[in-house]
Every structure is written in C-alpha cells, then in structure tokens.
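Start at 1 and go down the list; that is how both ligands and their atoms are numbered. Owing to the predicted nature of the structure, the values given are computational and were not obtained by experimental measurement.
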Amino acid sequence: MLPRCAFSVCHVLVLVLCLSSAEDFDWTKNDHGSFYYGTFPAGFSWGAGSSAYQTEGAWDKDGKGLSIWDVFSHKKGKIQQNDTGDSSCEGYHKVKDDVSLMKELKLNHYRFSISWPRIIPTGIKSDHINEKGIQYYDELINLLLESKITPIVTLYHWDLPQVLQEKYGGWQNITMVNHFNEFANLCFERFGNRVKNWITFNNPWSVAVEGYETGEHAPGLRLRGTGAYRAAHHIIKAHAKVWHSYDTQWRAKQKGLVGISLSGDWGEPVDISNQKDIEAAERYVQFYLGWFATPIFHGDYPQVMKDFIGRKSVQQGLGTSRLPTFSPQEKSYIKGTCDFLGIGHFTTRYITQKSNPSGRSSGSYFTDRDLAELVDPRWPDPGSEWLYSVPWGFRRLLNFVKTQYGNPIVYVTENGVSEKMLCTELCDDWRIQYYKDYINEMLKAIKDGANVKGYTAWSLLDKFEWDEGYSERFGLYYVDFRNKNKPRYPKASVQFYKRIISSNGFPNQREVENWRRKAVETCSSSNQLLAAEEQRSTAANILRLIHDPLTSHMEMVTEIVVPTVCTLSILLSAIFLMFLLRRRN
Ligand code: NOJ
C-alpha cells in the first residue's frame, strides 16, 4: 500500500496528465487482448488467505503477549475510527467454522500466519513458551489436514512482540535476526511434521517503508531515508538465516519448503518510446520487488538502488550510502535462500521520470527513486484508494519474475480487491470481475512460461485492514463486525471462485457467464438474510437505548430516592412527635 502523501501527488498528476497530454498519450496502447479460455496445469493449488493480527482477535487471551500492532492500534488517531484488532473476526474462537467455509469453497490450501507473541509472549524464546498458543495452531493445522487442505504458514505477518520493539528498537536492530530464527525453529520443531510450506516474511516492503519510514504502520517510526533500508537489511538477513536453519536442521526429516512472500505493484512506462520513462518504470519495480528479490536470488541489492541511493547520499554530504551493504560472505549466504517465491499483487501504476531536487535535507525512499506515479482515471477503483484494477499488470509482473530471477516456483500469496461501502453488499460483481480478469492474466502468464504453482485469494474473510481499520473489506465472506459473534456471510464471489476452483480454470464463455449470473442471483437471498439480521440488531439496539434510561431511572428510585424519602419521613415524624409532646407538657 502506498502512503497517503504519494496518493495526492498521484492524483494531481492524473489531473495534469488528463488536461495537458490527452492528445499525445494513448491509454489504449495497452489494450491487453481478449479473455483466454482454458485450464490451469493439473495439480494447480487454489487457496485463500488471512493473517493472525487481522483475523484472530483474542489479543490478550490465554497468555498471549503484546504485539506492536496491539500497542499501535490502541493509540488514538493511528487507525481509522480508532478501530483495533482486539476481537476482529474472533478467528481464535472460530477455527471449526472457518475451516468449514474453506471446505465449502473446496480450497486446496489455506494461508495463515502465526502470531509470534501468541506462542512466545516476549519474543525471546528463553523467557517463556506459551503452550496454549501452540495448541491453538495445532488445532487449526490438524483440522486443515483432516479436511485435505494444505496449510501454508507465514511466520511473520507484521506482529512483532512489543518487548522486542521496546528493548531493541525492533527491525532497526540486528539482534532481531537471532530472535526470529529461534521463533522459526520453534515453529519447525512443533509444527514442521505437518506443515510443509513456510513463508518467512510477508510483504517486508510494508514493514520497512510503512513501519519505519512513513510511520503509518506499527511501530509508527518516521526514520526518513534510513529506517526503511536498515529494517529491510535486517529482514533479509533474518530470512536467509531461517532458510539455512531449515536447510541444515529440518529439511532432511521434514521435507518441506521455505520461501518468502514479496509484494509488488507493476510499473508500466507512461511512454514506451521514451527511454527515461522505461528506466523509471524499471526503477519502480526494482525499488519495490527487486529490493528483496534481487539479494535473495542474486546475492545483492539491485544495481540501480545502489547507484541512486549512493549518489543521493553523497549529494547530501554523507560519507556512506544510506543503503547498507552486504559483505562478500553475507552475499553468498543470502543468495539462493528461496525454495519458492510468494507474490502478493494487487495493482499497477504508470511511471514517468521525475528528478527530485537533491540537497542536504532531502532523501527518503520515495524521493530516492526519481519518478512519479500515475493512474488512468478509467481504471476501476471500487475500494481501497490505492487499488485500481489493472489485470494486465499481473501478467507483466509474473513475466518479470520469470526472466529476472531464473523462473522460480511462484505461489501467488495474495491477490484480491476491497470494497469501501459501509452498507452491506454481498452481491460483489466488481470483485467477480476482478478475480476473473486477474486469474485469467495469471493463466496467460503460465502459458508464457511462468512457473506459477498456486493462487491465494486475498482474503477469506473481511478483517482488520491495518491503518484502515474495518473500513475496507477484502473478504470472500462478509463479517458482521457489529455483532459480537462476528457471523460470516458468503458474498457472490464465493460462488464464482468456487466454480473456478472446481473447473481448474475457465472452460468456455457460456459456462463462465452462467457462473456469474448464478452467483449474483444466489447472493440476493444471503443479502436478505443479512438485511433481516441488521434490522433485528438495529431494533435491539434501539430497545436497549430506550430501556437503558428507564432501568437507570428505576435504579435511582430504589437506591437513592426511596431511602432518602424514608429517612426524611422518619425524621419529620420524630420532630412532629416531639412538638406534640412539648405542647402537652
Ligand atoms: C498486503 C498485506 O499483506 C495484507 O495484510 C493486506 O490485507 C493487503 N496488502 C491489502 O492491503
């Protein structure tokens, strides 16, 4: 996700572009061909995903320690509406229900993450291991396997134990590498007999940039120009260490795979005949996906990052580059530490060259890139501000991965779209359209030769969407967050995705159109159900409001008024009696 400041620039640029260069810029040059009917290779794995902090809730239950997201979301003003993940979808208490939903979808795999502080409350293994936390993941894994759903487990989806943040400064500190390695080894030891697909980090770009550069995410630090590079450096080392641990200590016995999940928007040059734009678009992708993928596949940061950040650091008067360096030993240790590459992809940008003024005070991840991002105002934008639907960008990104990194095994670990509507809407035909087109572009990429083995719809449920709170819903299933039980309702996209899974692709136009029609038809009954439930809970709330003042009034009468009146009456009677007695005397 992009920080808000980048969006406003983006939007202004869209306007400028529309006004000034509408005639000489042909948006349709990227007409990306027609729909491709066909099926995926046999054994292709279909899944859906979630993450611990976004869905589990139970933030302080059964001995769990605090994570940086617990602390961050409890600070006022950090999250939309001051929402928190305290109870979220109550996933911690609804394992059976949620596995039933996955069975209903006929998923081949489910991607979830383990909350580090749930199983090691302080983050430091020698302090304490929380067996109740381990039991929770045991139950989830066992239920998945009984249901023939393969678990794909992420070790770090952003919820660092708070103690490690307070004690060491989190990912700014190299000691995280060892603590993370101990946590990972505990997971291999306890779950590795059943879990064969491990993802070390989810989207480290966000951790680094939004956690340590813009501060929009936990831990909320704004260490401009250095914080993100430093955090990323340690994360890459931690990833490599965990891969080596698995390779040397567990692989022979457990026979699993260890990868990393990287996010990457695609960057398309605004003008494909302009060399400067081509280079700027390449830089955009290298500063995003390449920042992490290049060290992992080739041993070092992309040359373009080293050049740009190095030059800008010199212009700032710094003695060394703000981008840290790997020693020769570290380079060979990091290179090749990936059994599969997870790709999280949602959207695309047009990119043009834009030089940022250099000076002593300048220097941030964003200005280091010397580029501007643009969007086509005609791209559908149903939900999150940053998420435009541009399916062809997905095919390009997958082809980029194929050529840049030696055609690795790829699992798409996140892809999907949100809706912003606060009102309930289960007939999400725009999401059906998004999935249909993006999955189709992935099919084309496979036909191009990309080695994509699986796809994970993001996400199974509506959930806590980080700094956006609950205002953006990515789920295939709608979650009623106002109801304490957090009931789930299928959106129309559930029916559609289910058909893609059971046909392993898109058989022919007539059938695919039929799926869509039926999905939208059936969702209206779920919509009615939800609407009725809403009316019921609204009525209950109104009753509670009416009832509340009445009860408190009654309480006041019995607790204060009655005793006061009684005491006063007794006093008055006594005074009256004394008065009568005196008169008689
Ligand atoms: C990537 C993050 O990994 C995930 O947690 C989030 O829900 C999606 N982006 C959508 O913003």
Side-chain angles (χ1 to χ4, degrees), residues 1-4 6-7 47-57 67-69 72-73 79-80 83-85 88-89 91 110-116 152-160 199-211 214 216-218 232 235 239 259-266 288-289 292 341-349 381-390 393-394 397 411-420 431 434-435 438 455-479 481 493:
M1 183 174 44
L2 276 172
R4 275 177 205 119
F7 290 125
S50 74
S51 83
Y53 187 72
Q54 291 182 282
T55 52
E56 282 176 7
S67 82
I68 54 172
W69 272 95
F72 188 71
S73 68
I79 314 288
Q80 284 265 341
D83 285 338
T84 72
S88 190
C89 309
Y110 177 56
R111 176 183 177 221
F112 66 92
S113 78
I114 293 180
S115 156
W116 183 352
I152 297 188
V153 180
T154 308
L155 292 168
Y156 189 82
H157 203 125
W158 307 359
D159 43 0
L160 187 79
I199 291 170
T200 53
F201 287 89
N202 172 72
N203 192 351
W205 182 92
S206 252
V207 177
V209 173
E210 294 174 306
T214 68
E216 286 166 293
H217 282 187
I235 288 175
H239 160 81
I260 188 167
S261 174
L262 303 179
S263 68
D265 293 354
W266 177 245
Y288 211 137
L289 179 75
F292 300 90
L341 178 63
I343 291 287
H345 173 78
F346 294 88
T347 195
T348 283
R349 292 287 181 270
D381 177 23
S384 311
E385 203 180 353
W386 52 275
L387 207 172
Y388 294 82
S389 172
V390 194
F394 193 20
L397 183 76
Y411 279 86
V412 174
T413 39
E414 287 184 21
N415 177 241
V417 67
S418 56
E419 69 245 22
K420 227 190 195 117
R431 182 172 286 106
Y434 181 99
Y435 276 130
Y438 269 76
Y455 174 87
T456 315
W458 193 261
S459 46
L460 181 72
L461 305 176
D462 290 339
K463 59 191 172 349
F464 180 82
E465 188 47 40
W466 308 113
D467 52 326
E468 300 300 338
Y470 296 98
S471 65
E472 294 177 9
R473 294 173 173 271
F474 275 84
L476 288 161
Y477 285 89
Y478 179 93
V479 177
F481 292 108
S493 46

For [X], is at least one N or O under 3.5 Å away from an N or O on ligand 1?
X    : answer
W158 : no
Q54  : yes
W466 : yes
W458 : yes

Ring centroid separation Y288 to W205 under 6.0 Å: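 Between Y288 and W205, the centre distance is under 6.0 Å.
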Region of F464 engaging ligand 1 - heavy atom pairs below 4.0 Å: neither
Measure E472 to ligand 1 on non-hydrogen atoms and call it side chain, backbone, both or neither using the 4.0 Å cut-off. neither
State whether the side chain of S51 and the backbone N or O of S113 hold a donor-acceptor pair below 3.5 Å, judged by distance alone.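 No; zero donor-acceptor contacts below 3.5 Å.
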Please verify the inter-ring angle class for H217 with W466; under 30° counts as parallel, over 60° as perpendicular, anything in between as tilted.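 If you compare the ring of H217 with that of W466, the planes turn out tilted.
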Just jot down the side chain to side chain donor-acceptor pair (under 3.5 Å) partners of N202, sequence neighbours excluded, or say none.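 For N202 the side chain to side chain donor-acceptor pair (under 3.5 Å) partners, ignoring immediate neighbours, are R111, H157.
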Determine whether any heavy atom of E468 lies closer than 4.0 Å to an atom of ligand 1.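 So E468 does not count as touching ligand 1.
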Within 4.0 Å of some non-hydrogen atom of K463, the atoms of ligand 1 are 7 (O)
Would you say F394 and V412 make side-chain contact, with heavy atoms under 4.5 Å? yes
Results of side-chain contact (heavy atoms from CB on, under 4.5 Å) for S389 - residues two or more places apart only: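 So S389 forms a side-chain contact (heavy atoms from CB on, under 4.5 Å) with P380, P391, Y434, Y438.
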